[in-house]
Amino acid sequence: MNILVTGGAGYIGSHTVILLLQAGYRVIVYDNFCNASKESISRVKKIAGKEIITVEGDIRDKVQLRRLFSSHKIDAVIHFAGLKAVGESVEEPLRYYDNNVCGTVALCEVMAEHQCKSIIFSSSATVYGDPHTTPITEDFPTSATNPYGRSKLFIEEILRDLYVSDNTWKIVLLRYFNPVGAHPSGLIGEDPNGIPNNLMPFITQTAVGQRSCLSVFGDDYDTPDGTGVRDYIHVMDLANGHVKALVKLPEFNKVMTINLGTGTGYSVLDMVKAFEKASGREVPYCIAPRRAGDIAQCYADPGYAKEILGWEAGKGIDEMCADSWRWQEKNPNGYRK
Ligand code: NAD
Ligand code: UD1
């Protein structure tokens, strides 16, 4: 089977491509490299020992997508391509809506033209807004506080409308919690541009000496130690969830909305301690004010993923930290030489 992976050079995409190749799928990566390096593709090939067709292109470019679908028979699409920085989305909402929403519409139009109607979409736990309680099940109310989150909600709704109009589509919306970690080889991992927004890359860059100190955003939340609690999930577990979803896709008779999380919440300070243990490095930190838009705690009820996909996360916090550290230590400048 030929799988088109949009955004396949990025963090989650590159890890998923390895598992797809190992499961025997042929993979075509389609990426405009706006937030990725071609080096990630070379390393994925090295890890998997298999070839990948890579096409540099934008999901909004229907001419190029048509050329791609005409020259390859594509059986399903795993759609990671998108912009993901919350703060940037507040500054540049139109760019986010154009890239994420218009890009997905263009992609689906070309898929339909070529009778390719199977898609797995990268949604996010951000669609739960500030949940009234935890753990979070898929039927919780949704909301968004920024354009990034709203783009995910819009795309979910667009894909549901698409299914209503033509129920031969097979659609899975995967709502990821907080992906961390890296491939155990240390060859690929998360490589953010500039100062990281997310906790784990900030911790690893502090441990390697690129940042002097981690700011812990708030220690007065209603959580066991006062710092924010999240459901961190190893990126290899997350990648595996996509392979499981792909296998089950033909059986689905409705749009499937599925949480991918571990079901366990860890605080910022839990993560710092676990990372220090895994790396043997100290992570200096100071308590800073709360970050606007942050919530106290967020973790999944992963029961539906287990029931429907037969999937559950297997890697714990120590492995997440050890693998994040291996990647950072071997590649202090990410994919840059
Ligand atoms: P990433 O930025 O590493 O990967 C996204 C990839 O898409 C990049 O390689 C980028 O170059 C590409 N891309 C962006 N716009 C494109 C376009 N118009 N055309 C072609 N390629 C384009 O991000 P990631 O962490 O791997 O996230 C993958 C997906 O998962 C995104 O849709 C993101 O919103 C979603 N998601 C991520 C997280 C997270 O914490 N990493 C959490 C929830 C959901
Ligand atoms: C953030 C985004 C969310 C997105 C997700 C994955 C916001 C408000 N939310 O989620 O929309 O889906 O990333 O990309 O940006 N923290 C610190 N110091 C830091 C960084 C983070 O204390 O330098 C804390 C945060 O306050 C939070 C936890 O660490 O409690 C996790 O933060 P982060 O990794 O940014 O993820 P989320 O905020 O959950």
Side-chain angles (χ1 to χ4, degrees), residues 5-16 29-38 40-41 55-61 64-65 78-90 95-96 98-100 102-104 106-107 121-130 144-146 148-149 151-152 155 174-180 189-193 195-203 205-206 211 213-219 221 223 227-233 235 238-239 260 265-269 271-272 285-299:
V5 183
T6 73
Y11 173 44
I12 306 169
S14 57
H15 289 82
T16 304
V29 166
Y30 188 80
D31 201 302
N32 67 1
F33 296 97
C34 69
N35 195 37
S37 160
K38 290 181 185 152
S40 75
I41 303 281
V55 179
E56 184 166 353
D58 196 292
I59 49 168
R60 292 162 295 181
D61 184 348
Q64 186 164 3
L65 280 176
I78 305 185
H79 178 30
F80 294 104
L83 300 175
K84 63 166 185 178
V86 171
E88 194 179 67
S89 80
V90 176
R95 182 166 155 245
Y96 269 69
D98 182 41
N99 194 83
N100 295 1
C102 300
T104 303
L107 173 68
F121 171 64
S122 303
S123 189
S124 167
T126 195
V127 303
Y128 294 115
D130 191 353
T145 53
N146 57 69
Y148 165 70
S151 78
K152 292 294 176 193
I155 296 167
L174 296 178
R175 292 177 174 164
Y176 314 152
F177 282 68
N178 290 57
V180 295
E190 188 171 13
D191 183 19
N193 276 328
I195 301 173
N197 296 309
N198 296 120
L199 179 65
M200 184 55 102
F202 207 106
I203 289 180
Q205 291 191 6
T206 307
R211 315 267 158 220
C213 139
L214 167 76
S215 296
V216 174
F217 297 143
D219 67 348
Y221 285 106
T223 60
T227 67
V229 167
R230 297 290 183 274
D231 186 337
Y232 297 94
I233 174 170
V235 68
L238 193 63
L260 292 183
Y266 288 108
S267 74
V268 176
L269 296 181
M271 295 304 283
V272 170
Y285 67 85
C286 54
I287 305 299
R290 290 181 178 195
R291 180 172 67 179
D294 271 358
I295 56 177
Q297 67 175 8
C298 171
Y299 56 91

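Order of listing sets the numbers, starting from 1, for every ligand and every atom in it.
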(message) With a 4.0 Å cut-off on heavy atoms, is D31 in contact with ligand 1?
(response) yes
(message) Using the ring pair (Phe, Tyr, Trp, His ring centres under 6.0 Å) criterion, which residues pair with F121? Sequence neighbours excluded.
(response) H79
(request) Could you tell me whether the side chains of D231 and N178 share a donor-acceptor contact shorter than 3.5 Å? (result) no
(request) State the atoms of ligand 1, each with its element, that fall below the 4.0 Å cut-off from a heavy-atom position in S124. (result) 43 (C), 44 (C)
(message) Just to check, does K84 reach to within less than 4.0 Å of ligand 2 when the distance is taken from its heavy atoms?
(response) no
(message) Can you tell me which portion of S215 lies within the under-4.0 Å heavy-atom range of ligand 2? Options are side chain, backbone, both, or neither.
(response) backbone
(message) Taking distance alone, with N or O pairs closer than 3.5 Å, would you say G10 contacts ligand 1?
(response) yes
(request) Indicate yes or no: does an N/O atom of Y176 lie under 3.5 Å from an N/O atom of ligand 1? (result) no
(request) Can you pull out the closest protein heavy atom to atom 6 (C) of ligand 1? Residue, atom name and distance to 0.1 Å, please. (result) G7 CA, 3.6 Å
(message) Please enumerate all residues that pass side chain to side chain donor-acceptor pair (under 3.5 Å) together with D98, with sequence neighbours excluded.
(response) R60
(request) Flag the pair V229 / Y266 as yes when at least one side-chain heavy-atom distance between them is below 4.5 Å, and no otherwise. (result) no
(request) Check whether any side-chain N or O of S40 sits under 3.5 Å from a backbone N or O of A9 as a donor-acceptor pair, and report yes or no. (result) yes
(request) Note the single closest protein heavy atom to atom 4 (C) of ligand 2, along with its residue, its atom name and the distance in Å. (result) Y148 CE2, 4.2 Å
(message) Among all the protein's non-hydrogen atoms, which is closest to atom 28 (C) of ligand 2, and how far away is it?
(response) Y232 OH, 3.5 Å
(request) Show which atoms of ligand 2 fall inside a sub-4.0 Å distance from at least one heavy-atom site of L214. (result) 18 (N), 23 (O)
(message) Can you confirm, on distance only, whether ligand 1 has an N/O atom lying under 3.5 Å from any N/O atom belonging to N35?
(response) yes
(request) Could you tell me the residue and atom name of the protein heavy atom closest to atom 33 (P) of ligand 2, and the distance to it rounded to 0.1 Å? (result) N198 ND2, 3.4 Å
(message) What protein heavy atom lies closest to atom 38 (O) of ligand 2? Include the residue and the distance to one decimal.
(response) R291 NH2, 2.8 Å
(request) Give yes or no for whether the N/O distance cutoff of 3.5 Å, strictly under, is met between N146 and ligand 2. (result) no
(request) Would you check the N or O atoms of L199, main chain and side chain alike, for any that come under 3.5 Å of an N or O of ligand 2? (result) yes
(request) Return a yes/no value for P179: is any of its N or O atoms, backbone included, closer than 3.5 angstrom to an N or O of ligand 1? (result) no
(message) As a check for students: among F80, F177, F33, Y11, identify the option with a heavy atom nearest to atom 32 (O) of ligand 1.
(response) F80
(request) For residues V180 and I233, determine if any side-chain heavy atom of one lies less than 4.5 Å from a side-chain heavy atom of the other. (result) no
(request) Counting heavy atoms only, name the option from F217, F202, Y285 that's nearest to atom 19 (C) of ligand 2. (result) F217
(request) Have a look at S122, S123, P201 and point out the one with the heavy atom closest to atom 44 (C) of ligand 1. (result) S123
(request) For side chain to side chain contact (heavy atoms under 4.5 Å, CB included), just list the numbers for L214 and I203, CA-CA rounded to whole Å, side-chain angles, deciding distance to a tenth of an Å, and then say yes or no. (result) CA-CA 7 Å; L214 167 76; I203 289 180; 4.1 Å; yes
(message) Any nitrogen or oxygen of I12 lying under 3.5 Å from a nitrogen or oxygen in ligand 1? Just yes or no.
(response) yes
(request) Would you indicate which of G82, G8, G103 comes nearest to atom 14 (C) of ligand 1 when only heavy atoms are counted? (result) G82
(request) Report yes if some heavy atom in the side chain of F202 is under 4.5 Å from a heavy atom in the side chain of T206; otherwise report no. (result) yes
(message) Which residue and atom name correspond to the protein heavy atom nearest atom 34 (O) of ligand 1, and how close is it?
(response) Y148 OH, 2.8 Å
(message) Using a 4.0 Å cutoff against the non-hydrogen atoms of I59, which atoms of ligand 1 qualify?
(response) 17 (C), 18 (N), 19 (N), 20 (C)
(message) Quick one, R175 and K152 - any side-chain contact, counting heavy atoms below 4.5 Å?
(response) no
(message) Which residue in the set N99, T126, N100, L83 passes side-chain contact (heavy atoms from CB on, under 4.5 Å) when paired with S151?
(response) N100
(request) Could you tell me whether F177 approaches ligand 2 through its side chain, its backbone, both or neither, with non-hydrogen atoms closer than 4.0 Å? (result) neither
(request) For atom 15 (N) of ligand 1, find the nearest protein heavy atom and state the residue, atom name and distance (0.1 Å precision). (result) N99 ND2, 3.1 Å
(message) Using the rule given for side chain to side chain contact (heavy atoms under 4.5 Å, CB included), can you reason through M200 versus Y232, listing the C-alpha separation, both sets of side-chain angles and the distance that settles it, and then say yes or no?
(response) CA-CA 9 Å; M200 184 55 102; Y232 297 94; 5.8 Å; no
(message) Parallel, tilted or perpendicular: which one describes the rings of Y176 and F80, with boundaries at 30° and 60°?
(response) tilted
(message) Any side-chain to backbone donor/acceptor pair from D219 onto T227? Under 3.5 Å, distance only.
(response) no
(request) Would you kindly specify which portion of N178 sits under 4.0 Å from ligand 2, judged on non-hydrogen atoms: side chain, backbone, both or neither? (result) side chain
(request) Please tell me if the side chains of N146 and Y96 come closer than 4.5 Å, counting only heavy atoms from C-beta onward. (result) no
(message) Can you confirm whether F177 sits close enough to R230 that some side-chain heavy atom of one is under 4.5 Å from a side-chain heavy atom of the other?
(response) no
(request) Determine, using heavy atoms of G149 and all atoms of ligand 2, whether some pair is separated by less than 4.0 Å. (result) no
(request) Check ligand 1 against G57 and write out every atom of the ligand that is under 4.0 Å from a heavy-atom position of the residue. (result) 19 (N), 20 (C)
(request) Decide whether an N or O pair under 3.5 Å exists between V268 and ligand 2. (result) no
(message) Between E56 and F33, is there a side-chain heavy-atom distance shorter than 4.5 Å?
(response) yes
(request) Please report the shortest heavy-atom distance between I59 and A106, naming the atom on each side. (result) O-CB, 3.4 Å
(request) Counting heavy atoms only, name the option from N198, T126, N32, T104 that's nearest to atom 22 (C) of ligand 1. (result) N32
(request) Quick one: look up the protein heavy atom nearest atom 24 (P) of ligand 1 and list residue, atom name and how far away it is. (result) K84 NZ, 3.8 Å
(request) Locate the shortest heavy-atom distance separating N193 from C34; write the atom from each residue and the value. (result) ND2-O, 4.3 Å
(request) Using heavy-atom distances, let me know which of I203, T126, D294 sits nearest atom 8 (C) of ligand 2. (result) D294
(request) Of all the heavy-atom pairs spanning Y11 and G189, show the shortest one and how long it is. (result) CD1-C, 3.7 Å
(message) Counting non-hydrogen protein atoms only, what is the nearest one to atom 2 (C) of ligand 2? Give residue, atom name and distance.
(response) V86 CG2, 3.6 Å
(message) Can you name the atoms of ligand 2, numbered from 1 with element, that are less than 4.0 Å from a heavy atom of V216?
(response) 22 (O)
(request) Would you mind reporting whether T16 and V5 have side-chain heavy atoms less than 4.5 Å apart? (result) no
(request) Pick one of side chain, backbone, both or neither for how E190 approaches ligand 1, counting any non-hydrogen atom pair under 4.0 Å. (result) neither
(request) Could you find the nearest protein heavy atom to atom 27 (C) of ligand 2 and give me its residue, atom name and distance? (result) R230 NH2, 3.6 Å
(message) Which residue and atom name correspond to the protein heavy atom nearest atom 12 (O) of ligand 2, and how close is it?
(response) S124 OG, 3.2 Å
